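Below you'll find the structure, written out as structure tokens, and then a few comments.
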2 protein chains.
Amino acid sequence: MEAKLKELKALLSEVYDLENVAALLHWDQSTYMPKGGAKARGRQMAVLEKLAHEKMTDPKIGRLLEELIPYGESLPYDSDEAGLIRAACRKFEKASRVPAEFMAEFTAHTAESYQAWTEARPADDFSRVAPYLEKTLEYSRRMADYFPGYEHIADPLIAFSDEGMKASTLKKLFAELRRELVPLVKSVTDREPADDSCLKKQYPEADQWKFGLKVIERLGYDFSRGRQDKTHHPFMTKFSLGDVRITTRLKENDLGEGLFSTIHEAGHAMYEQGIQREYEGTPLAGGTSSGVHESQSRLWENIVGRSRGFWEHFYPELQRVFPDQLGGVPLDTFYHAVNKVQPSLIRTDADELTYNLHVMIRFDLELAMLEGTLAVKDLPEAWRERYRQDLGVAPPGDRDGVLQDVHWYADTIGGVFQGYTIGNILSAQFFEAALSDHPEIPGEIRQGNFDTLRGWLTENIYRHGSKYTAEELTKRATGSALAIQPYIRYLKGKFGG
Amino acid sequence: MEAKLKELKALLSEVYDLENVAALLHWDQSTYMPKGGAKARGRQMAVLEKLAHEKMTDPKIGRLLEELIPYGESLPYDSDEAGLIRAACRKFEKASRVPAEFMAEFTAHTAESYQAWTEARPADDFSRVAPYLEKTLEYSRRMADYFPGYEHIADPLIAFSDEGMKASTLKKLFAELRRELVPLVKSVTDREPADDSCLKKQYPEADQWKFGLKVIERLGYDFSRGRQDKTHHPFMTKFSLGDVRITTRLKENDLGEGLFSTIHEAGHAMYEQGIQREYEGTPLAGGTSSGVHESQSRLWENIVGRSRGFWEHFYPELQRVFPDQLGGVPLDTFYHAVNKVQPSLIRTDADELTYNLHVMIRFDLELAMLEGTLAVKDLPEAWRERYRQDLGVAPPGDRDGVLQDVHWYADTIGGVFQGYTIGNILSAQFFEAALSDHPEIPGEIRQGNFDTLRGWLTENIYRHGSKYTAEELTKRATGSALAIQPYIRYLKGKFGG
């Protein structure tokens with residue numbers, strides 16, 4: 001069995017490398033590639049995707065797994081070998097059920113659809129992407145149908161990134177959250193809005209860049225195994241456990257934009273950097289779900305990065321970097337500015353409180369499309385209607401409405417947005433558990449010391465990679481299943497009263 | 001046959017893409033990769049190399065070629081299809097004769113050997129690399145033996161990069177060149193050496209960088225299909241005909257270093273950028289030999305970039321960028337500084353006249369090692385002895401002696417260095433032919449206009465990619481076979497009397 005496991009690992013390692021090389025192609029495309037490289041780059045990514053898929057569905061892997069599954073079940077559940085066999089099974093099954101030709105077709109389609117979106121959005125013209133979206137919806141349904149036996153057609157798509165989650169569970173969870181959020185938003189927006197003009201002064205990019213790097217280095221992002229570059233849309237990407245990069249974008253007249261996106265991506269990256277190095281080359285070497293991943297970016301960005309304690313430490317440094325802009329601005333004003341609550345049109349710019357309302361709108365609309373109760377042509381109006389209802393604002397056109405997020409134009413419809421809200425909920429649940437083990441954490445944060453917190457997260461979440469599902473991980477780390485109470489307690493503590 | 005050709009192209013295109021992705025991995029490793037990424041990067045490159053080799057030796061390609069060869073021979077020799085079939089045959093044969101296991105072993109060995117060299121050179125310790133070099137010599141001989149029927153054991157290795165060339169031809173050619181060079185070097189070094197102190201002042205990197213970019217843009221390097229980054233060792237690399245990048249290195253106290261390396265690499269890049277776009281994805285989409293490639297880097301770097309006419313145009317601009325350093329330095333002084341002749345230890349820093357003497361030393365020593373008349377352990381002393389004889393200087397240790405070039409520590413022994421001198425010879429032969437067609441070129445260069453020259457090179461060399469061998473290309477472009485006379489005429493005109 002040892003020999004078979006070794007053989008399996010060798011086969012999986014090639015898949016891992018090919019997938020990581022594809023990630024590098026994408027990183028280069030977003031950071032440094034001259035525009036002339038675009039056509040060949042698409043071809044190169046398709047070749048690698050095809051090869052990775054071929055290798056992952058190699059019947060040899062299937063045969064090895066058949067023999068190894070009983071072996072894995074005979075091992076302690078917590079052993080790395082058992083976890084590896086479980087993770088390999090999940091990956092093999094997913095890859096095997098979806099035919100290679102379908103994947104190739106779908107990838108080619110999303111490339112075109114994405115291209116159309118990049119033109120449709122600035123032109124504020126939904127009609128350009130509507131035909132693509134119709135096809136994407138069809139592809140999304142077909143994709144789900146490769147995994148029959150579902151309760152809701154969105155379930156297989158949700159399970160791709162958040163295994164164990166289903167539409168019915170999420171609907172219930174989101175409804176519960178909304179019941180708490182709506183009055184809380186109302187109570188805050190009834191008060192005088194915070195003055196965030198101090199963030200909108202002129203902040204030279206180079207200084208913002210340097211300050212951001214200093215902050216995330218202090219948080220624990222390891223630059224010997226990573227780096228930051230600039231892109232239009234910030235993201236985190238990994239080429240191995242020794243090379244986990246992030247990107248950011250800066251605005252000269254908006255200090256919050258770059259700083260919090262840097263912290264956000266560093267949160268994702270610290271998760272990947274914290275995975276035990278022995279998992280390198282296996283399906284265990286990655287975050288376990290999109291929700292848990294997002295919990296880490298949001299924990300560092302919001303719970304830590306927008307906390308008063310954090311700024312008690314960093315604000316004097318920030319004032320020294322920008323004496324003209326912030327020298328006369330009290331900490332309290334700055335703290336309220338970075339935590340200003342205001343219903344708005346754009347999800348990625350939304351404050352902590354209203355953010356989840358944006359996510360839920362998308363989640364409900366995509367379920368309706370998948371169910372067939374909402375036609376693509378009616379989507380823009382449905383979008384505006386929901387924004388009016390939930391946030392009291394509505395976009396005049398579609399540019400800042402249904403065209404604002406890339407997701408539906410570059411991926412399946414369904415299966416992506418839920419992770420953002422699951423992440424917010426989990427971020428508070430994990431943080432509360434860390435504080436219960438280490439009540440000294442808030443004091444340490446005020447000193448600019450993040451070691452205990454990062455240590456707890458590494459021990460309880462990061463190092464395990466994908467050994468446990470999100471559900472298992474949450475129970476092990478917090479003693480209970482996913483629950484909204486810690487998040488609500490956190491939000492009420494910060495914004496209530 | 002059309003269908004078979006199409007099938008062949010599809011198979012070759014995958015190989016092309018995999019090879020180009022491997023090139024991107026290498027580029028990233030040299031430019032931006034954090035050090036933590038090194039281990040996985042080696043594995044990723046090995047996976048891609050293995051896959052590209054597997055794909056290139058696919059028996060399907062062999063069968064298609066068997067059927068297509070007679071078809072190709074029935075087509076006009078100049079047709080793209082005929083050229084493609086010829087180039088595919090050469091590539092298939094080379095890949096098929098060398099077993100995949102041998103290549104994997106050799107690649108792993110050179111990775112270790114390179115690593116040892118990076119430590120041995122700063123430590124000035126040849127003994128650390130000697131055992132690797134012994135093995136490399138063995139591998140090089142075995143590599144050659146996969147191509148039996150050679151006259152000299154170096155011939156197959158030479159043919160890898162300069163097809164059509166043999167040790168015997170090169171020995172004759174180099175002897176002829178040496179007979180002309182030695183007295184010319186002597187006559188120049190008997191004179192008072194040029195004063196190049198104006199190049200050794202303090203030149204801020206950012207200004208050097210900007211000026212270099214402006215120069216190569218004017219020469220015709222297309223930034224929409226390329227970019228420049230910094231690396232320890234400058235190089236040119238290509239990921240598609242739409243993405244041909246260069247790298248450079250700058251020294252704050254040596255203006256020539258960065259500027260001429262930028263022009264040199266841009267020369268390589270303009271060759272690749274000039275290949276007709278229809279060749280993309282085929283073995284025609286690359287320079288035809290290492291000698292012809294080097295002819296283009298040297299033509300732009302030396303014949304153009306170190307000419308008086310070039311600086312008549314650019315020197316006033318350079319003075320405006322560096323008024324404190326160059327404001328009081330006359331053009332004539334600057335021109336002589338960038339053309340200073342002085343026997344020295346380091347090949348890459350050598351002037352135009354002595355450069356080839358460096359190359360010939362390496363060429364003779366590697367032939368002797370392959371023949372078995374020079375043992376690896378005696379190499380350092382043989383190196384010093386030859387430097388004393390040919391250049392009148394000798395390194396005290398090995399750091400600036402036998403350890404100075406990476407080549408023997410990262411590739412075969414034999415088959416690489418000859419390209420540098422072939423390139424120098426060809427650069428003058430091509431330039432002379434261009435001038436004979438367009439006597440207005442020198443006048444245009446004085447105006448900062450390089451269109452006619454680049455147009456001639458594109459028409460006669462660049463656009464053909466690998467359709468013709470170096471020999472065919474030289475005859476077509478210049479009307480005669482490779483010949484040293486134009487190069488001697490050029491050197492005598494510039495440095496004689």
Side-chain angles (χ1 to χ4, degrees), chain A residues 10-11 13-29 31-52 54-55 221-229 237-247 269 272-273 277 280-281 285, chain B residues 10-11 13-29 31-52 54-55 221-229 237-247 269 272-273 277 280-281 285:
Chain A
L11 293 170
S13 166
E14 263 196 27
V15 177
Y16 178 86
D17 287 334
L18 290 172
E19 287 170 347
N20 285 325
V21 171
L24 178 70
L25 291 175
H26 177 258
W27 173 86
D28 178 69
Q29 183 173 40
T31 49
Y32 297 115
M33 189 186 78
K35 68 179 192 313
K39 198 175 162 192
R41 186 51 52 88
R43 214 176 52 220
Q44 291 158 352
M45 296 208 268
V47 167
L48 284 179
E49 231 172 61
K50 195 189 75 164
L51 286 173
E54 270 173 29
K55 300 258 170 204
Y221 176 70
D222 177 358
F223 280 94
S224 77
R225 295 191 286 140
R227 53 176 289 118
Q228 181 175 265
D229 297 272
T237 182
K238 184 187 69 186
F239 313 134
S240 72
L241 292 178
D243 191 354
V244 183
R245 306 187 194 177
I246 59 174
T247 72
E272 298 283 334
Q273 288 188 334
R277 305 296 291 272
E280 172 71 359
Chain B
L11 292 169
S13 166
E14 264 195 27
V15 176
Y16 177 87
D17 286 334
L18 291 172
E19 288 170 346
N20 285 325
V21 171
L24 179 71
L25 292 175
H26 176 258
W27 173 87
D28 178 68
Q29 182 174 40
T31 48
Y32 297 114
M33 189 186 79
K35 68 179 192 311
K39 199 174 161 191
R41 185 53 49 89
R43 215 176 52 220
Q44 291 158 352
M45 296 209 267
V47 167
L48 285 179
E49 231 171 63
K50 195 189 76 164
L51 285 173
E54 271 173 29
K55 299 259 170 205
Y221 177 70
D222 176 358
F223 280 94
S224 78
R225 294 192 287 140
R227 53 176 289 118
Q228 181 175 264
D229 298 272
T237 184
K238 183 187 70 186
F239 312 134
S240 71
L241 292 178
D243 191 354
V244 183
R245 305 188 195 177
I246 59 175
T247 72
E272 298 283 334
Q273 288 187 335
R277 305 297 290 272
E280 172 71 358

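Note that the coordinates shown come from a computational prediction; the quantities given were computed from them, not determined experimentally. Labels below follow one simple rule: chain letters A, B, ... track the order of the sequence lines, proteins then strands, and each chain is numbered from 1.
- For B:K35, the side-chain contact (heavy atoms from CB on, under 4.5 Å) partners two or more places apart in sequence, or in a different chain, are A:S224.
- Heavy-atom distances place no part of B:T31 under 4.5 Å from chain A, backbone and side chain included.
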*Are B:K39 and A:E280 close enough, and set up right, to give a side chain to side chain contact (heavy atoms under 4.5 Å, CB included), and what steps lead you there?*
CA-CA 11 Å; B:K39 199 174 161 191; A:E280 172 71 359; over 6 Å; no
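- For chain A, the option among B:A40, B:S240, B:G281, B:G226 with the highest count of heavy-atom pairs below 4.5 Å is B:G226.
- A distance-only check finds no donor-acceptor pair linking the side chain of A:R43 to the backbone of B:D17 [under 3.5 Å].
- If you take CG on A:L24 and CG on B:L24, they are separated by 5.0 Å, rounding to the nearest 0.5 Å.
- Note on B:D28 versus A:R245: salt bridge recorded, some NZ/NE/NH1/NH2 to OD/OE distance being below 4.0 Å.
- Contact detail for B:D243 and A:G37: the closest heavy-atom pair is CB-CA, 3.8 Å.
- Residues meeting the side-chain contact (heavy atoms from CB on, under 4.5 Å) test with A:R225, sequence neighbours left out: A:D222, A:Q273, A:R277.
- Of the atoms belonging to B:Y32, heavy atoms from both backbone and side chain fall under 4.5 Å from chain A.
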_Could you walk me through whether B:L51 and A:L18 satisfy the side chain to side chain contact (heavy atoms under 4.5 Å, CB included) test, starting with their C-alpha distance in whole Å, then the side-chain angles of each, then the deciding distance to 0.1 Å, before giving a yes or no?_
CA-CA 10 Å; B:L51 285 173; A:L18 290 172; 3.7 Å; yes
*Check the pair B:L48, A:L48 against side chain to side chain contact (heavy atoms under 4.5 Å, CB included), reporting the backbone distance first and the verdict last.*
CA-CA 10 Å; B:L48 285 179; A:L48 284 179; 4.0 Å; yes
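- Neither the backbone nor the side chain of B:K238 comes within contact range of chain A, judged by heavy atoms closer than 4.5 Å.
- Taking every heavy atom of both residues into account, B:F239 and A:Q44 meet most closely at O-NE2, 2.8 Å.
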